[in-house]
Amino acid sequence: MRYEAPDSLDAATELLSSEPGVSRILAGGTDLLVQMHAGMTEPDLIVDIKKIPDLRAIVAEDSGFRIGAAVTGAEMGEHRELKSAWPGVVEAVELIGSTQIQGRATPGGNLCNASPAADSVPAMVAAGATVTVVGTEGTREIPVQEICTGPGQTSLKKGEIVVSFKLPARPSRSGDAYLRMTPRTEMDIAVVGVGVNLTMDQEGNCIDARVAIGAVAPTVLLVPEAAAALIGTKVDESALAELASAASAACRPIDDKRGTKKYRIKVAGVLAKRAAKIAVERAGQSL
Amino acid sequence: MTKQHVTTSINGDEIEFLCETEQTLLDILRDELQFIGTKEGCGSGDCGACSVIVDGRLVCACLMLGVEAQGKKIETIEGIATKEELHPLQQKFIDHAALQCGFCTPGFLVASKALLEKNPNPTETEVRYWLAGNLCRCTGYDKIVRAVLDAAQEMRGASA
Ligand SMILES: Cc1cc2nc3c(=O)[nH]c(=O)nc-3n(C[C@H](O)[C@H](O)[C@H](O)COP(=O)(O)OP(=O)(O)OC[C@H]3O[C@@H](n4cnc5c(N)ncnc54)[C@H](O)[C@@H]3O)c2cc1C
Ligand code: FES
Ligand code: FES
């Protein structure tokens, strides 16, 4: 097993694409090392991407934020501006694991590990985030929800690296929130996770919304019907009830040791309502 | 396969070692360098027994490769006490009987030290959340939390 830690993207994509055997990208290693320890993967080449400057920076751009894919959860949590602009995205990232895990885990790893229950992904999808993907054939910019294609599966081609997440500019009176259901408060995997991102107008009407749900299908789902239940309303009880039924209706969950289908479907609706209320509050409006 | 040469700093001393890619920092500390205060409970990030501080961040040594230590500053349990004195956290763990078998203790001490460096005046809730990644099968946690809060108070007094 070879280890390389290149300091440029070109070198990293070149290493990854020219390796004839199994190559794996290493960011925080909190998924990869667990999989190696369990014997689930035995790479021939590990490419550590943490020395590539573009992947390690959080930059406020005139139209939003660019977050390097290998920034840690702890670093995102300590970034005041980012946290106040996108509290839902940051709280979702901060839910990943313990303090020790936060010191290493990255949003890029959380996305590319492609767990249906990855906490940051519904919040990123609700936020309308895009990712910049670089490979030997060039650069593409795609919505976050186009990366994962199934449990543990991504649309990334050999040698491609997720370089950064782009969070769009925020109109005033916008807010986002992420909630998950876990049997334990800390150190547990989401049974259901819901991200809501919305914008209100001066009269207290919701003029834009995005809702995404996790752990209830093979990939995180963007649910336009759930967003439609909010848009044009004052996010009152009847709109919230519509939101809950749309979120529940979109679920295609499995039964497993952490939750039954029925339970997941029900909880998706409940969490969608609660997350929407928090998002509205954060948007600076009262219900 | 040739081993890689790594230079790092552990508890303030410059240290060099040879390392296979698959060896974790925990393997290196325990098996190659005899820093056996850092424990292996699970090897998968769940128990916190392997907690160390790397460039000021609390991490699990079992989830970091040894080769990643190149050029880093590592702090382990062995660096907590001075030659003359226990660290206030260590003394308070003894005073509060915050350990029984002691297997989890190095991890709790290193994690608590990282907490108090970042937040010298944590609430009980903050202590409990910060230490949620450290498991103890003996004490029931309460004595550990009391010991950390008491050490924090004493350390604030000392630096005032
Ligand atoms: C104890 C414990 C608790 C956890 N709790 C949670 C939790 O509560 N919620 C949760 O969602 N997850 C949790 N996780 C899983 C894990 O911590 C997260 O998924 C984390 O975000 C992974 O990031 P990483 O940087 O460590 O990924 P890595 O392990 O470095 O990488 C993960 C995968 O993504 C690939 N990859 C990484 N970065 C890139 C990139 N930039 N471009 C392309 N591919 C890339 C890697 O090759 C690998 O296949 C937990 C893990 C542990 C060990
Ligand atoms: S041994 Fe590292 S967390 Fe358990
Ligand atoms: S004292 Fe035995 S595990 Fe904590």
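Protein chains get the first letters and strands the later ones, always in sequence-line order, with residue 1 at the start of each. In what follows, every heavy atom counts, from backbone to side chain, and hydrogens, waters and symmetry copies are set aside.
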Atom group of [X] that falls short of 4.5 Å from chain A, counting heavy atoms:
X: B:E68; answer: both
X: B:C42; answer: backbone
X: B:L65; answer: both
X: B:A114; answer: neither

Might you confirm whether atom [atom1] of [X] has over 12 heavy atoms from other residues, nucleotides or ligands at distances under 6.0 Å?
X: B:Q34; atom1: CD; answer: yes
X: B:Q153; atom1: CD; answer: no
X: B:R128; atom1: CZ; answer: yes
X: B:I94; atom1: CD1; answer: yes
X: A:K158; atom1: NZ; answer: yes
X: B:E117; atom1: CD; answer: yes
X: A:Y263; atom1: OH; answer: no

[atom2] on [Y] to [atom1] on [X], rounded to 0.5 Å:
X: B:C62; Y: A:L33; atom1: SG; atom2: CG; result: 8.0 Å
X: B:L58; Y: A:Q102; atom1: CG; atom2: CD; result: 11.5 Å
X: B:L63; Y: A:D31; atom1: CG; atom2: CG; result: 9.5 Å

Please check: side-chain N/O of A:S98 versus main-chain N/O of B:A132, any donor-acceptor pairing under 3.5 Å? no
Name the region of [X], side chain, backbone, both or neither, that has any atom closer than 4.5 Å to a heavy atom of chain B.
X: A:K50; result: side chain
X: A:L32; result: neither
X: A:E4; result: neither

Min side-chain heavy-atom separation B:T24-A:H37 under 4.5 Å: no
Between [X] and [Y], which heavy-atom pair has the shortest distance, and what is it?
X: B:T21; Y: A:R2; value: OG1-C, 3.9 Å
X: A:Q100; Y: B:G133; value: OE1-CA, 4.1 Å
X: A:T99; Y: B:W130; value: OG1-O, 2.6 Å

